Engineer: 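Sharing a structure, written as structure tokens. Questions coming.
Note on naming: letters A, B, ... go to the chains in the order of the sequence lines (proteins, then strands), and numbering restarts at 1 for each one. The structure presented is a predicted model; accordingly, all values stated were derived computationally and were not measured.
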Amino acid sequence: MLHSIHALLRSASAVGDVFVNGWVRTRRDSKDFSFLEVNDGSCLANVQVLVDAGTEGYDLVKQIHTGAAVSINGDLVESPGKGQRWELRAKRLQLVGDAPEDYPLQKKRHTDEFLRTIAHLRPRTNKYGAMFRIRARLANEIHRFFHDRGFYWIHTPIITGADCEGAGEMFHVTTLDLMNVPKTDGQVDFAQDFFGKEANLTVSGQLSVETCCLSLGKVYTFGPTFRSENSNTSRHMAEFWMIEPELAFADLRDNMALGEEITRHLVRFVMEECAEDLALFAKYVDTTLMQTLQNIAEHDFVRLPYTEAIDLLAKSGRQFEFAPAWGKDLQSEHERFLTEEHFKQPAIVYDYPKDIKAFYMRQNDDGRTVAAMDVLVPSIGEIIGGSQREERYEPLARRISELGFDPADYWWYLETRKYGSVPHAGFGLGFERLLMLVTGVPNIRDVIPFPRTPKHLEF
RNA sequence: UCCCCGGUAGCUCAGUCGGUAGAGCGGGUGGCUGUUAACCACUAGGUCGGCGGUUCGAGCCCGUCCCGGGGAGCCA
């Protein structure tokens, strides 16, 4: 019977006749026997396998190198050596797939930069194995978090008609022959394209999910999102995953409360349920990680209006490269000052100037701010961006026109404000940025198996 | 897109003033009766990112291109 190494290592007693499949991490030889460290991905730890002259297949053992795939039948017994409680005494060893001498992964550490060039092999390292286990567990927990609170998961479209999405740079989707694009009056004739109009990959599921919010009450999306900005930073990718809850009969305070609750819940979840994998990151990647997570788990986030944040920055006595000024967006250095130096914890900044925020955000009574909020965390910056939505038909239509958009393009979005409109709010939580937060990994390209960034589409 | 740093063995890196290539790991061979990034001995392995230039001589200096990284910007 096939056993997972995870289950075997947690066994309360010795087990006879076990069967393990996995990959060899290292081999240590003595004259008449060898030890194999075998990992099957079920957990970070390897099982130590003793292979000796009595093992069927012992003649193969010298051909087994780091990276080789093996199957082992044997008995799980208490280990007489130090360092592990259980070991596998092999009765039969099979080499399923060998790994020749040019296998690129060595037993010592590699740089993340090198491992990115072999993204097809890096899941076989301890660190990336741990990362992708945490990623999967966290994604699953996000669904459970919402399910437990009565939210419905809505599948919003990946391909979208461009007009309603706002200003972000988008990837075109087309079946037109790019060598011979049909044109009318010098313009591309999208009428001949697959959808009969210009199509793009979505930059957000928000506008779509709002429609379901105004029926199902509490909803969320969780899926891939695409932005074609030429961003070359450690926190941006062209393809990333986003969680976007949307709450009906809710205002900005409810929104902030949900953003804080989910962040804290997921941090606690990883600390409790992914402890073994998390320990690797705390030991090798960020030695202050557990403090950071503890801090988030135990303390309320700071909340302050944008106007106060600008005031605080201006009076900080700090020389910033870009002077903080009301009406301008917070720079990276400003966000870092707030979360890393001043408050030393996550902070929610809200009520931003309307001119630096999106058209759909609810206008405040002061006439110059909107009910927007950003959750900022140390090192990473913005992890959540959201707002209360403008639920009033007239102000929304006016804002669309003011910004030079055609209200006709937003007809269905506006209709949701015409029929049974209610105050509602939501936000976008960057899944990869959340993973950076909980693991301490400083580059977003290392929290997803195959990162997509400008000029990088290998694998 | 801008600024800065880097590219030497399969991998991680060292290489002094410009004088002709080094270590550890990995691989191979041998040794070792319980190892833990096992250990010990021997050994193979190089277009020093590409092209051009300066020089008696370039891994090192200059130009240029490519690639990688960091920071910034862009980023509902």
Engineer: Looking at every heavy atom in both A:Ser79 and A:Gln84, which two are closest together, and how far apart are they?
Structural biologist: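 Answer, listing the atom of A:Ser79 first, then A:Gln84: OG-NE2, 3.0 Å.
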
Engineer: Of all the nucleotides listed (B:C75, B:G69, B:U35), which has the minimum atom distance to the side chain of A:Phe35?
Structural biologist: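 Of the candidates, B:U35 comes closest.
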
Engineer: A:Asn230 side chain: which of B:U1, B:G34, B:A38 is closest?
Structural biologist: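 That would be B:U1.
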
Engineer: Mind listing the closest non-hydrogen atom pair of A:Ser379 and A:Glu340 along with its distance?
Structural biologist: N-OE2, 2.7 Å

Engineer: May I ask you to verify whether the side chain of A:His236 and the base of B:C75 hold a donor-acceptor pair under 3.5 Å?
Structural biologist: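 Under the 3.5 Å cut-off, the side chain and the base do form a donor-acceptor pair.
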
Engineer: Taking atom C1' in both B:G45 and B:C5, what distance in whole Å separates the two?
Structural biologist: 30 Å

Engineer: Whole angstrom is fine here: how far is it from CG in A:Asp112 over to P in B:C11?
Structural biologist: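 One finds 16 Å between P of B:C11 and CG of A:Asp112, rounded.
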
Engineer: Among B:C75, B:A38, B:U33, which nucleotide has an atom closest to any side-chain atom of A:Lys31?
Structural biologist: B:U33

Engineer: What is the base-pairing partner of B:U36, counting Watson-Crick and G-U wobble geometry with both distances under 3.5 Å?
Structural biologist: none

Engineer: Taking the same atom, P, in B:G68 and in B:U12, what whole-Å distance lies between them?
Structural biologist: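 Per the computed distance, 15 Å lies between those P atoms.
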
Engineer: Does any N or O donor sit under 3.5 Å from an N or O acceptor when you compare the side chain of A:Arg336 with the base of B:G71?
Structural biologist: no

Engineer: Closest to the A:Glu113 side chain: B:G27, B:G34, B:G68?
Structural biologist: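 The closest nucleotide is B:G68.
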
Engineer: Which whole number of Å gives the distance between the P atom of B:G69 and that of B:C51?
Structural biologist: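 Roughly 24 Å separates the two P atoms.
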
Engineer: Looking at B:C51, which nucleotide sits across from it as a Watson-Crick or G-U wobble partner, both distances under 3.5 angstrom, or is there none?
Structural biologist: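 Here B:C51 is engaged in a pair, and the nucleotide opposite it is B:G63.
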
Engineer: So what's B:A76 paired with, Watson-Crick or G-U wobble, going by both distances under 3.5 Å?
Structural biologist: none

Engineer: Within the modelled atom types, does a donor on one side and an acceptor on the other bring the side chain of A:Asn232 and the base of B:U1 under 3.5 Å apart?
Structural biologist: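 Flag set: donor-acceptor pair detected.
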
Engineer: Select one nucleotide: of B:G34, B:G69, B:C11, the one nearest the side-chain heavy atoms of A:Phe114.
Structural biologist: B:C11

Engineer: Return the value, rounded to whole Å, for the distance between atom CD of A:Gln331 and atom P of B:G71.
Structural biologist: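 Atom CD in A:Gln331 sits about 16 Å away from atom P in B:G71.
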
Engineer: B:U55 and B:G63: how far apart are their C1' atoms, nearest whole angstrom?
Structural biologist: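 Those two atoms are separated by 16 Å.
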
Engineer: Considering only the C1' atoms, how many Å lie between B:C74 and B:C3, rounded to the nearest integer?
Structural biologist: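 Result for the C1' pair: 15 Å, nearest Å.
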
Engineer: Expressed in whole Å, how much space separates the P atoms belonging to B:A14 and B:U8?
Structural biologist: 10 Å

Engineer: If you pin A:Ile64 and A:Asp29 to their nearest nucleotides in RNA chain B, which one's is more 5'?
Structural biologist: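 Result of the comparison: A:Ile64.
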
Engineer: Rounded to whole Å, please give me the gap between CD in A:Glu335 and P in B:G73.
Structural biologist: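 To the nearest whole Å, that distance equals 9 Å.
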
Engineer: Expressed in whole Å, how much space separates the C1' atoms belonging to B:G31 and B:A38?
Structural biologist: 14 Å

Engineer: In whole Å, I'd like the distance from the CD1 atom of A:Ile383 to the P atom of B:C75.
Structural biologist: 21 Å

Engineer: B:A72, B:U36, B:A76: which one has an atom nearest the side-chain heavy atoms of A:Ser332?
Structural biologist: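 For the A:Ser332 side chain, the nearest candidate turns out to be B:A72.
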
Engineer: Please state how far atom CG in A:Leu403 lies from atom P in B:A76, giving the value in whole angstrom units.
Structural biologist: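 The answer, rounded to whole Å, is 12 Å.
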
Engineer: Under 4.0 Å between a side-chain N/O of A:Thr233 and OP1 or OP2 of B:G71, yes or no?
Structural biologist: no

Engineer: Please determine whether any donor N or O and acceptor N or O are separated by less than 3.5 Å between the side chain of A:Ser204 and the base of B:A76.
Structural biologist: yes

Engineer: Can you tell me whether the side chain of A:Gln84 and the base of B:U35 have a donor-acceptor pair closer than 3.5 Å?
Structural biologist: yes

Engineer: Select one nucleotide: of B:C11, B:C74, B:G34, the one nearest the side-chain heavy atoms of A:Ser231.
Structural biologist: B:C74

Engineer: B:G57 and B:U43: how far apart are their C1' atoms, nearest whole angstrom?
Structural biologist: 32 Å

